[in-house]
Enquirer: 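Below is the structure I would like to discuss, written out as structure tokens.
For the numbers below, each heavy atom of this structure counts, side chains included, while hydrogens, waters and symmetry mates do not. In this text the structure is predicted, and so the values were computed from the model without any measurement.
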Number of protein chains: 2
Amino acid sequence: MQDFIHDKRVYYSPIEFAMSYIGGTWKMPVIRALANGPLRYGDLKNAIPHVTDKMLNTQLRDLEKKGMVTRTIFREKPPRVEYALTDRAMQSIPAIEALENYGRKLMELEAGEITERRS
Amino acid sequence: MQDFIHDKRVYYSPIEFAMSYIGGTWKMPVIRALANGPLRYGDLKNAIPHVTDKMLNTQLRDLEKKGMVTRTIFREKPPRVEYALTDRAMQSIPAIEALENYGRKLMELEAGEITERRS
DNA sequence: CGGTATCCCAGATGATACTG
DNA sequence: CAGTATCATCTGGGATACCG
């Protein structure tokens with residue numbers, strides 16, 4: 001395939017381009033956590049073990065910029081902020097689930113093997 | 001899910017674990033290039049536009065260590081080295097193709113939109 | 001409750017040149 | 001043909017602390 005230029009950057013393959021949207025350690029876990037419906041910030045954070053506020057916020061801002069999530073503020077008491085997937089993010093779910101299944105297969109394979117001793 | 005520990009590292013999700021095998025800019029393109037059968041080094045390099053020798057070699061060594069590719073040397077004239085996918089790498093192909101399809105969808109979406117002006 | 005602001009580092013990537 | 005070696009760069013991610 002020929003090069004794809006977007007936002008002044010060159011992408012060599014559809015894979016690389018997809019990863020610019022959902023790559024990194026946290027973006028897929030975020031999307032997966034929102035796959036069953038919108039969540040507010042706190043619930044989202046609880047749904048993703050080990051994520052820090054900084055990383056969660058960074059990733060949410062990135063995803064917003066890319067048109068993958070929407071952020072809705074409800075000015076209630078106490079304040080509420082909800083994150084939801086856009087259409088294009090929902091279309092990534094099959095790919096993310098495929099990756100997740102593969103990860104589980106690898107975990108089984110590795111758990112079943114005797115750990116190699118490093119020389 | 002609970003944490004998964006492998007090779008002295010903690011993985012928080014199957015996704016993260018899968019990405020430790022096929023993540024990075026070049027590993028999926030490499031696996032995809034080998035999906036239809038073994039290739040020798042030069043052909044593999046030609047199959048992956050823009051990859052440098054350093055990156056291709058680094059990734060191939062990584063993939064070897066993880067048990068994702070095999071490296072076979074044929075002492076002929078001229079020398080020949082063939083790379084092939086292992087079983088566990090072949091199991092990643094559906095996930096990689098799903099990602100690739102998603103990347104293509106995103107490319108269409110972006111190509112069809114009027115580029116936003118950044119303020 | 002839902003975030004920001006700093007500072008910092010390791011590791012991933014790249015350019016270039018050289019080799020058995 | 002199939003790589004290594006070296007050096008430089010850049011950014012993702014983490015620790016910690018603070019804020020409207």
Enquirer: Using side-chain hydrogen bond (donor to acceptor under 3.5 Å, both in side chains) as the criterion, list what pairs up with A:R40, not counting sequence neighbours.
Expert: none
Enquirer: Residues from residues 71-84 of chain B sitting under 4.0 Å of DNA chain D, heavy atoms only?
Expert: B:R71, B:P79, B:R80, B:V81, B:Y83
Enquirer: Who pairs with A:F17 by ring pair (Phe, Tyr, Trp, His ring centres under 6.0 Å), at least two apart in sequence or on another chain?
Expert: A:F4, A:H6, A:Y11, A:Y21
Enquirer: Between P on D:dG12 and CG on A:L63, what's the gap in Å once rounded to a whole number?
Expert: 13 Å
Enquirer: Could I get the full list of side-chain hydrogen bond (donor to acceptor under 3.5 Å, both in side chains) partners for A:N57, not counting sequence neighbours?
Expert: A:Y41, A:R61
Enquirer: Taking only residues two or more places apart in sequence or in another chain, which ones pass salt bridge (Lys or Arg N to Asp or Glu O under 4.0 Å) with B:D43?
Expert: none
Enquirer: Atom CD1 of A:I22 and atom P of D:dG12: how far apart are they, to the nearest Å?
Expert: 16 Å
Enquirer: With sequence neighbours left out, write down each residue that passes side-chain contact (heavy atoms from CB on, under 4.5 Å) with A:T52, or none if nothing qualifies.
Expert: A:K54, A:M55
Enquirer: Under 3.5 Å, sequence neighbours excluded: what are the donor-acceptor pairs made by side chains of residues 69-79 of chain A?
Expert:
{"residue": "A:R71", "atom": "NE", "partner": "A:Y83", "partner atom": "OH", "Å": "3.1"}
{"residue": "A:E76", "atom": "OE1", "partner": "A:R80", "partner atom": "NE", "Å": "3.2"}
{"residue": "A:E76", "atom": "OE2", "partner": "A:R80", "partner atom": "NH2", "Å": "3.0"}

Enquirer: I'd like to check A:L60 versus A:L44 (side-chain heavy atoms, cut-off strictly below 4.5 Å). Are they in contact?
Expert: yes
Enquirer: Evaluate the side-chain proximity of A:L99 to B:I96: yes if any heavy-atom separation is below 4.5 Å, no if none is.
Expert: no
Enquirer: To the nearest 10°, let me know how far the axis at one end of the helix from C:dC1-D:dG20 to C:dG20-D:dC1 is tilted from the axis at the other, five pairs an end.
Expert: 60°
Enquirer: For residues 10-22 of chain B, which residue pairs qualify under salt bridge (charged side-chain N to carboxylate O under 4.0 Å, His left out), counting only residues two or more places apart or in two chains?
Expert: B:R9-B:E16
Enquirer: Please enumerate all residues that pass salt bridge (Lys or Arg N to Asp or Glu O under 4.0 Å) together with A:K66, with sequence neighbours excluded.
Expert: none
Enquirer: Nearest whole Å is fine: how far is D:dT11 C1' from A:M19 CE?
Expert: 15 Å
Enquirer: For D:dC1, does either OP1 or OP2 sit under 4.0 Å from a side-chain N or O belonging to B:R40?
Expert: no
Enquirer: Starting at CG of B:L60 and ending at P of D:dA2, how long is that distance when rounded to a whole Å?
Expert: 12 Å
Enquirer: Within this structure, what is the CG-to-P distance between B:L39 and D:dG3, rounded to whole angstrom?
Expert: 13 Å
Enquirer: Under the side-chain hydrogen bond (donor to acceptor under 3.5 Å, both in side chains) definition, can you give me all pairs with a residue in residues 91-105 of chain B, not counting sequence neighbours?
Expert: B:R32-B:E100
Enquirer: Under 4.0 Å between a side-chain N or O of B:N57 and OP1 or OP2 of D:dT4?
Expert: yes
Enquirer: Can you check each nucleotide of nucleotides 12-19 of chain C against protein heavy atoms at under 4.0 Å and return B for base, S for sugar-phosphate only, - for none, in 5' to 3' order?
Expert: -BBB----
